[in-house]
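See structure below.
On a predicted model such as this, the values are computed, not experimentally measured, just so you know. Below, chains carry the letters A, B, ... as their sequence lines are ordered, and counting in each starts from 1.
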Amino acid sequence: MKWVYIEEISEYQDQDIELRGWLFNKRSGGKIRFLLVRDGTGIIQGTIFNPQEESPLFKQFDELTQESSLIVRGKVKEDKRAPGGYELEIKEIEIIQIAKDYPITPKSHGVPFLMEHRHLWLRSQKQHAILQIRAELIKAIRDFFDGRGFRLMDTPILTPSACEGTTTLFETEYFDQKAYLSQSGQLYNEATAAAFGKVYCFGPTFRAEKSKTRRHLIEFWMVEPEVAFALLDDIIKLGEDLVVFIVERVLEERKKELDILERDTKPLEKVKKPFPRLTYEEALQKIKKKGSKMEWGDDFGAPDETMISEFFDKPVNITHFPLSAKAFYMEPDPKRPDLALCVDMLASEGYGEIIGGGQRIHDLSLLEKRIKEHQLPKEAYKWYLDLRKYGSTPHSGFGLGIERTLSWLCKIKHIRETIPFPRLLYRIYP
RNA sequence: UCCUCGGUAGCUCAAUUGGCAGAGCGGGUGGCUGUUAACCACUAGGUUGCAGGUUCGAGUCCUGCCCGAGGAGCCA
């Protein structure tokens with residue numbers, strides 16, 4: 001009998017097939033029994049029905065417990081009463097392993113308990129749907145950049161020093177030296193951009209900050225394009241194109257999962273170019289009118305970001321932040337040298353910053369000056385300064401946070417559900 | 001690091017002013033011919049986070065500690 005997956009079950013109507021999976025749930029009603037089987041691609045209801053005599057299948061049914069692994073064989077039938085529209089008339093059950101006392105029962109559970117059982121929680125429908133969308137999102141991002149002639153450049157995870165010199169890094173041993181886990185691939189990408197023109201890196205990044213909010217992970221994934229000769233405006237448009245592309249893709253390909261998550265897709269359908277754009281100072285004025293106590297020079301806090309995004313029904317680009325609030329490599333605005341040529345994109349529906357980027361300093365002496373001002377170790381940036389000595393060009397790039405973007409797409413409250421095994425403050429198990 | 005809230009059965013929670021520690025789910029047993037987190041009946045299941053204190057009596061009040069959650073700052 002042919003082994004098939006539930007996602008392709010409609011192609012096998014009225015045929016005998018084999019499914020390999022796990023018992024999701026079971027129900028019984030006298031001489032009829034229902035087995036809900038999942039195989040990683042979907043869930044199907046199997047029926048055992050025998051009005052004449054006691055079937056040996058009934059005994060196997062009674063033995064089966066939630067999440068027991070099994071192989072079932074039978075005929076595929078279309079049936080409106082079945083969840084999913086198809087069911088399997090079971091002819092044979094092969095029990096692989098009986099799962100005793102599966103901890104995650106069909107009733108409600110609390111967050112600490114579920115986090116403690118994250119390795120099993122992944123099997124439940126909502127978590128499964130979120131991670132299906134995550135995989136789609138990552139594929140969409142790769143397709144977007146590959147389709148535009150960008151080269152994927154893997155930047156190092158073990159680095160000799162702080163990239164930006166601002167956030168706290170994880171320190172580790174590198175034989176007789178110290179090394180740090182990467183917090184961004186950007187600086188290395190500035191080098192690869194000068195070699196390949198348009199590049200992106202996609203990988204994990206690490207922040208040893210004691211952040212304890214629904215928007216922070218200790219280990220998270222980021223895609224960072226970098227484009228030689230690009231100016232701020234080019235990179236803002238690139239960010240818009242990227243976000244429009246991934247939203248469209250997820251709406252097209254992951255309708256089923258968005259339904260499972262009960263995600264209202266109307267706000268996502270509005271995500272079309274161009275996105276509203278305002279400067280830091282314009283945004284500041286808007287939120288001050290609404291009662292924010294933020295002062296010029298501060299970065300937007302989480303409630304401020306929410307307030308700004310509520311003015312619009314699309315993601316919004318905020319540009320020209322005070323230079324003092326940004327990293328050392330930011331290019332100053334020639335018209336306003338106290339402002340940076342940078343952009344933060346805030347997702348709609350109050351989800352906050354998903355993109356941060358801008359134009360990088362390409363003048364050698366200005367960069368040297370900034371490194372000094374930020375009291376960064378000059379030796380560590382020798383190679384980085386070389387990029388300004390040998391064929392320096394204006395160039396720009398940004399980073400998009402995968403988990404924050406996914407939280408928004410799925411409208412998930414907490415970012416911990418958007419990665420299979422979240423690393424959180426005070427939680428590294430499982 | 002700071003602020004706030006919480007910890008009672010495997011899980012989710014209840015327990016009035018300090019007065020016999022309970023329910024639903026899950027487990028077990030039995031029943032039901034179409035269930036949709038199925039349902040019905042019965043049943044087993046407890047060091048009330050830990051240590052101390054007040055009291056005739058503490059899940060409840062007090063002190064300290066541990067663990068967890070939400071938020072702030074920082075950031076994607």
Cation over ring face, Lys77(A) and Tyr86(A), 6.0 Å, 45°: no
Sticking with atom C1', work out how far G68(B) lies from A15(B), rounded to a whole angstrom. 23 Å
Taking the six-membered ring of Phe311(A) as reference, does the cationic atom of Lys286(A) (NZ for Lys, CZ for Arg) lie under 6.0 Å from its centre and within 45° of its axis? yes
Using the C1' atom as the reference point in each nucleotide, state the distance between G57(B) and G18(B) in Å, no decimals. 8 Å
Shortest non-hydrogen contact from Leu268(A) to Val247(A)? O-CG1, 3.4 Å
Partner nucleotide, any strand, of A44(B) [Watson-Crick/G-U, under 3.5 Å]: none
Residue mapping more 5' on RNA chain B - nearest nucleotide basis, Asp304(A) or Tyr426(A): Tyr426(A)
Treating His374(A) as the side-chain partner and Arg370(A) as the backbone partner, does any N or O pair qualify as donor plus acceptor under 3.5 Å? yes
Determine whether more than 12 heavy atoms belonging to other residues, nucleotides or ligands lie under 6.0 Å from atom NZ of Lys91(A). yes
Under 3.5 Å for both donor-acceptor distances, Watson-Crick or wobble: does G73(B) have a partner, and if so which one? none
Nucleotide nearest Arg81(A) (side chain, heavy atoms from C-beta), chosen from U35(B), A76(B), U1(B): U35(B)
Re G59(B): Watson-Crick or G-U wobble partner, both distances kept under 3.5 Å, found to be none
Could a donor-acceptor pair under 3.5 angstrom be found where the side chain of Arg404(A) meets the base of C75(B)? yes
Aromatic ring pairing Tyr381(A)/Tyr384(A), orientation class (parallel under 30°, perpendicular over 60°, tilted between): perpendicular
Arg416(A) side chain near G70(B) phosphate (N/O to OP1/OP2, under 4.0 Å): yes
Which nucleotide, in any strand shown, forms a Watson-Crick or G-U wobble pair with C5(B), with both distances under 3.5 Å? G68(B)
Enumerate all atom pairs, one protein N or O and one N or O from nucleotides 9-15 of chain B, separated by less than 3.5 Å.
from: C11(B); atom 1: O2'; to: Ser108(A); atom 2: O; distance (Å): 3.3
from: C11(B); atom 1: O2'; to: His109(A); atom 2: ND1; distance (Å): 2.5
from: U12(B); atom 1: OP1; to: Gly110(A); atom 2: N; distance (Å): 3.0
from: U12(B); atom 1: O4'; to: Ser108(A); atom 2: O; distance (Å): 3.3

Please name all residues satisfying ring-ring contact (aromatic ring centres under 6.0 Å, His included) with Phe275(A), sequence neighbours left out, ordered by chain then number. none
Is Arg427(A) near enough to A69(B) that one of its side-chain N or O atoms lies under 4.0 angstrom from OP1 or OP2? yes
Would you say the side-chain atoms of Asn317(A) pair up with the backbone N or O of Ile236(A), donor to acceptor, closer than 3.5 Å? no
Nearest-angstrom distance, P atom, G49(B) to C13(B): 15 Å
Between G73(B) and C2(B), how far apart are the C1' atoms? Round to whole Å, please. 9 Å
Arg151(A) atom CZ: more than 12 heavy-atom contacts under 6.0 Å: no
Phe300(A) and Tyr280(A): aromatic ring centres closer than 6.0 Å? yes
Have a look at Arg215(A) and say if it touches a base, only the backbone sugar-phosphate, or nothing, with a 4.0 Å heavy-atom cut-off. base
Rounding to an integer number of Å, can you tell me how far Arg134(A) CZ sits from A76(B) P? 18 Å
Below 4.0 angstrom from OP1 or OP2 of G70(B), is there any side-chain N or O of His414(A)? yes
Scan Asp344(A) against the nucleic acid and name what it touches under 4.0 Å (heavy atoms): base, sugar-phosphate only, or nothing. nothing
State whether the number of non-hydrogen atoms from other residues, nucleotides or ligands found under 6.0 Å of Glu11(A) atom CD is greater than 12. yes
Under a 3.5 Å limit on both distances, the Watson-Crick or wobble mate of U54(B) is none
How long is the line joining CD of Glu295(A) and P of G73(B), in whole Å? 15 Å
Taking the same atom, C1', in G28(B) and in C3(B), what whole-Å distance lies between them? 47 Å
Touch class at under 4.0 angstrom, heavy-atom based, for Gln45(A) against every strand present: base
Does Glu87(A) make a side-chain donor-acceptor contact with the base of G34(B), cut-off 3.5 Å? yes
Rounded to the Å, how far apart are Arg214(A) CZ and C74(B) P? 18 Å
Are Phe220(A) and A76(B) stacked, counting the six-membered base ring, centres under 5.5 Å, planes under 30°? yes
When you measure from the side chain of Asn25(A) to the backbone N and O of Leu36(A), does any donor-acceptor pair fall under 3.5 Å? no
State which of C75(B), U35(B), G34(B) makes the closest approach to the side chain of Arg27(A). U35(B)
Using whole Å, what does the distance between atom C1' of nucleotide G73(B) and atom CG of Leu425(A) come to? 13 Å
Pairwise C1' distance, A41(B) and U16(B) [rounded to whole Å]: 32 Å
Base-pairing mate for G26(B) - Watson-Crick or G-U, with both contacts under 3.5 Å: none
Output the rounded distance in Å from CZ (Phe300(A)) to P (C74(B)). 13 Å
Roughly how far apart, to the nearest Å, are U17(B) and A58(B) at atom C1'? 14 Å
Can a cation-pi geometry be assigned to Arg33(A) and Phe58(A), taking NZ or CZ under 6.0 Å from the six-membered ring centre and within 45° of the ring axis? yes
Scan Leu217(A) against the nucleic acid and name what it touches under 4.0 Å (heavy atoms): base, sugar-phosphate only, or nothing. base
Expressed in angstrom and rounded to an integer, what is the separation of Glu305(A) atom CD from A76(B) atom C1'? 10 Å
For Ile104(A) and G26(B), give me the distance from atom CD1 to atom P, rounded to whole Å. 15 Å
Contact class for Gly301(A) (heavy atom, under 4.0 Å): base, sugar-phosphate, or nothing? sugar-phosphate
Can you check the distance between C50(B) and G7(B), where both ends of the measurement are the P atom (answer in whole Å)? 13 Å
Give me the distances for all protein-to-nucleotides 27-31 of chain B N/O pairs that come in under 3.5 Å?
none

For Leu424(A) and G68(B), what is the distance between atoms CG and P respectively, to the nearest whole Å? 11 Å
